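Both backbone and side-chain heavy atoms feed into the values below; hydrogens, waters and symmetry mates do not. All figures in this text were calculated on a predicted structure; none of them were measured in a lab. Chain letters run A, B, ... following the sequence lines, proteins first, then strands; residues in each count from 1.
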Amino acid sequence: MKYKKRTHTCGELNINHIDQIVTLNGWVDSRRDLGGIIFIYIRDRYGKTQVVFNPQENKSLHDLASTLRSEFVISVTGIVKRRPAGQENREIATGEIELIASELTIINKADTPPFPIEDEIDISEETRLRYRYLDLRRATLQSNLLTRHRLYQITRKYFDENNFVEIETPILMKSTPEGARDYLVPSRVHPGKFYALPQSPQTYKQILMVAGFDRYFQIAKCFRDEDLRADRQPEFTQIDVEMSFVDEQDIFKIVEGLIVRMFMEIKGIQLQTPFKILTYKDAIEKYGSDKPDLRFDLSIKKLNELLTGVEFKVFSDVIKKGGVVSGLVAPNCANYSRSQIDNITEFVKKLGAAGLVWIKYTDKGIDSPISKFVSREILESIVNRMDARFGDLILIVADDYLKAHNILGALRIEIANRQNLIDANRYELLWVVDFPLLEYSPEESRYIAVHHPFTSPKLEDLELLDTKPEKVRARAYDLVLNGNEIAGGSIRIFNRELQNKMFSLLGISESEAQKKFGFLLDAFKYGAPPHGGIAFGFDRIVMLLTGQKSIRDVIAFPKTTSAMSLMDDSPSEVDEAQLRELHIKIEK
RNA sequence: GGGGUCGUAGUUCAACUGGUUAGAGCGCCGCCCUGUCACGGCGGAAGUUGCGAGUUCGAGUCUCGUCGGCCCCGCCA
């Protein structure tokens with residue numbers, strides 16, 4: 001197919017190009033055939049331009065133009081003219097001019113697309129994903145991916161300026177225990193053996209520190225075979241960072257520098273540094289989450305001290321068992337109807353709450369179903385403790401420590417959404433620090449690492465390792481933006497003895513540790529520098545900076561909730577011969 | 001693994017308690033229309049109601065199963 005190549009893009013012509021003869025290549029965005037004169041918009045990544053076909057000027061050209069349909073790929077040559085007075089389109093950059101066509105080539109026809117290539121279309125995500133190449137033509141997705149591109153560039157430039165070395169690590173690696181479920185890749189040459197796709201380049205980047213690279217970063221694809229969410233895909237992108245001879249403050253400084261630059265260049269927003277810091281304990285107890293959204297207040301308050309002696313069994317039993325009774329204030333919700341309260345009770349029950357106690361506080365007094373069991377004085381002390389005001393609704397949950405706070409944390413967000421307390425234009429960043437190092441897993445009857453097994457305990461908690469392991473705090477930190485975890489990392493263990501001790505606490509025997517992580521332990525024998533690092537959830541950052549609700553909208557070819565790719569229909573079955581080569585038999 | 005919600009024309013939706021030939025907007029096709037930009041006017045085609053069973057005289061509607069989309073819990077070092 002011969003066609004004239006473009007001299008300009010569809011987004012750049014304006015009154016400065018008047019009377020020039022130009023050629024545009026692109027897609028037919030829309031057509032308006034008035035019987036005589038035909039207008040079309042021709043569209044490419046850069047914009048769209050109105051093209052005019054006038055039958056009086058060129059009959060055969062006009063006849064050809066009348067066969068144009070949506071999404072045909074064309075080449076149009078013509079002269080740029082100022083639009084007649086009053087005919088300008090102020091909505092688009094090229095709206096003051098139009099192209100009077102003199103030549104037209106239909107480069108490629110197109111079937112009618114299953115949905116129009118327009119913004120703000122109301123189309124099921126299923127259809128959009130099946131025809132992803134059409135969805136990606138829409139301006140929103142184009143702009144999202146362009147922002148993503150700019151963030152790659154900002155990242156590379158920033159780390160390069162700060163003496164970091166970009167190093168690629170293997171995609172085919174050793175499967176290691178702990179952490180997420182691995183994606184496995186069978187080995188053809190080694191029957192019965194498997195590679196794993198990296199959940200993150202964790203061990204490699206630590207070894208790069210042993211190798212002396214001092215400052216490493218990588219924009220790395222990571223893979224985790226776990227269930228999906230709006231902000232979780234089985235394959236996703238991390239900005240992976242590791243540094244030698246550093247402590248937490250060094251990491252924070254580098255990270256904050258990058259985030260500040262991203263916000264300035266993408267949003268034009270100057271963030272204040274240093275970012276807020278909240279301990280894990282405070283985050284849980286005040287906000288019911290280790291990734292609190294600080295765009296609104298609604299803090300959780302503990303009521304145990306006020307309720308120790310009360311008759312009300314729901315409270316007293318929980319307190320006796322060492323649990324917590326805590327509550328939060330739903331502002332201006334005292335007018336909630338019975339069914340609205342039933343509704344939020346249902347909400348917390350779905351999260352596993354036994355129930356929800358409410359207190360309405362108005363100028364008429366205190367109204368609560370527990371007034372039968374709890375004295376007026378205690379109810380008043382609760383209202384005081386909660387700092388409730390007339391018109392507020394107090395919601396109280398009683399359960400064990402983590403469950404009660406988790407439920408209140410979810411309720412906090414629910415109330416904020418219902419009461420419209422979240423300012424979408426606000427960005428609240430904070431560090432969450434002092435995570436526990438270990439947590440006990442009843443299913444596995446052993447401790448498991450909260451972050452990962454290479455995370456250093458806090459030095460001042462070292463002696464607790466033998467006595468109260470669950471009390472040991474980790475040198476781990478998460479960066480949180482508007483209730484999303486956007487980065488997480490730690491200062492690592494670089495001492496072989498401490499690493500071995502960690503493995504033994506995790507119930508990993510010496511021989512198992514040697515088998516699974518021997519290469520790392522061996523590397524540590526040869527002079528490992530103190531080091532630490534962090535990894536950013538790149539997709540989530542792009543999502544938040546583009547104002548999208550799902551990372552699917554910032555990933556070119558994402559998977560559905562059931563980890564399928566609807567466009568290319570993967571995963572799919574493979575030939576028997578392929579399986580044979582890989583020494584794999586499928587159980588049916 | 002669990003909870004919720006949805007699945008009807010290309011698409012977005014409608015169809016009262018089960019009841020005539022499953023409708024509408026947009027899109028598509030045809031005709032008319034020379035300054036539109038959500039062009040307009042007239043006409044038309046378009047359906048395995050996701051799939052499979054069952055209940056019933058009769059199922060888009062009820063029941064069971066199954067497949068798929070989305071949200072959440074678990075899970076995600």
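Out of C29(B), U12(B), G35(B), the shortest distance to the side chain of Q87(A) is found at G35(B). For R224(A), whose side chain is taken as the heavy atoms from C-beta onward, the closest listed nucleotide among C29(B), C76(B), C75(B) is C76(B). When the nucleotides C72(B), C76(B), C37(B) are ranked by their closest atom to the side chain of A230(A), C72(B) comes out on top. Here G69(B) is the nucleotide among G69(B), C37(B), U12(B) with the atom lying nearest to any side-chain atom of E126(A). Taking every side-chain heavy atom of L566(A) into account, G69(B) is the closest of C29(B), G69(B), U36(B). Side-chain atoms of R69(A) lie closest to C29(B) of the nucleotides G10(B), C29(B), G74(B). Closest to the side chain of K350(A), out of U12(B), G4(B), G35(B), is G4(B). Checked against C37(B), C73(B), C70(B), the side chain of T560(A) finds its nearest nucleotide in C70(B).
For C37(B), the base has a donor-acceptor partner in the side chain of N89(A) [N/O atoms by modelled type, under 3.5 angstrom]. Side-chain atoms of R232(A) come within donor-acceptor range of the base of C75(B), with a qualifying N/O pair under 3.5 Å. On a pure distance criterion of 3.5 Å, a polar donor-acceptor pair joins the side chain of E98(A) and the base of G35(B). R229(A) contributes a side-chain N or O that forms a donor-acceptor pair with the base of G74(B) under 3.5 Å.
Across all strands shown, D227(A) has heavy atoms under 4.0 Å from base atoms, whether or not it also approaches the sugar-phosphate. F115(A) comes within 4.0 angstrom of nothing in the nucleic acid, heavy atoms only. Counting non-hydrogen atoms under 4.0 angstrom, Q202(A) reaches a base of the nucleic acid. Heavy atoms of P84(A) sit under 4.0 angstrom from at least one base atom. Counting any heavy atom pair closer than 4.0 Å across all strands shown, L34(A) reaches a base atom. No engagement by D225(A) is indicated, since no non-hydrogen atom pair under 4.0 Å with the nucleic acid exists.
The phosphate of U34(B) has neither OP1 nor OP2 within less than 4.0 Å of any side-chain N or O from Q56(A). For S70(A), no side-chain nitrogen or oxygen approaches OP1 or OP2 of G27(B) to under 4.0 Å. R552(A) has a side-chain polar atom (N or O) that falls below the 4.0 Å cut-off from OP1 or OP2 of C71(B). Checking the phosphate oxygens (OP1, OP2) of G27(B), no side-chain nitrogen or oxygen of T112(A) falls inside 4.0 Å. Residue S562(A) places none of its side-chain N or O atoms closer than 4.0 Å to OP1 or OP2 of G68(B). When the side-chain nitrogen and oxygen atoms of R32(A) are compared with OP1 and OP2 of C39(B), one or more of them lie within a distance under 4.0 Å.
One can place CD of E414(A) at 14 Å from C1' of C73(B), the figure rounded to the nearest angstrom. Summarising the geometry, the separation between CZ on R130(A) and C1' on C70(B) is reported as 14 Å, rounded to the nearest angstrom.
Relative orientation of the Y401(A) and H405(A) rings is perpendicular, given thresholds of 30° and 60° on the angle between their planes.
For D240(A) and Y216(A), the side-chain atoms include at least one donor-acceptor pair closer than 3.5 Å.
Residues from residues 42-52 of chain A placing a heavy atom under 4.0 Å of any atom in RNA chain B, listed by number, are Q50(A).
Within a 6.0 Å sphere centred on CZ of F72(A), other residues, nucleotides and ligands contribute more than 12 heavy atoms.
Partner of L356(A) under the side-chain contact (heavy atoms from CB on, under 4.5 Å) criterion, out of I344(A), I407(A), D342(A): I344(A) alone.
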Indicate every side-chain donor-acceptor pair of residues 30-45 of chain A with a distance under 3.5 Å to a residue at least two apart or in another chain.
unit_1	atom_1	unit_2	atom_2	d
S30(A)	OG	R32(A)	NH1	3.4
R31(A)	NE	L68(A)	O	3.4
R32(A)	NH2	Q50(A)	OE1	3.0
D33(A)	OD1	G35(A)	N	2.9
Y41(A)	OH	N89(A)	ND2	2.9
R43(A)	NH1	D29(A)	OD1	2.8
R43(A)	NH1	E71(A)	OE2	3.1
R43(A)	NH2	E71(A)	OE1	2.9
D44(A)	OD1	C10(A)	N	3.4
D44(A)	OD1	Y46(A)	N	2.8
D44(A)	OD1	G47(A)	N	3.3
D44(A)	OD2	C10(A)	N	2.9

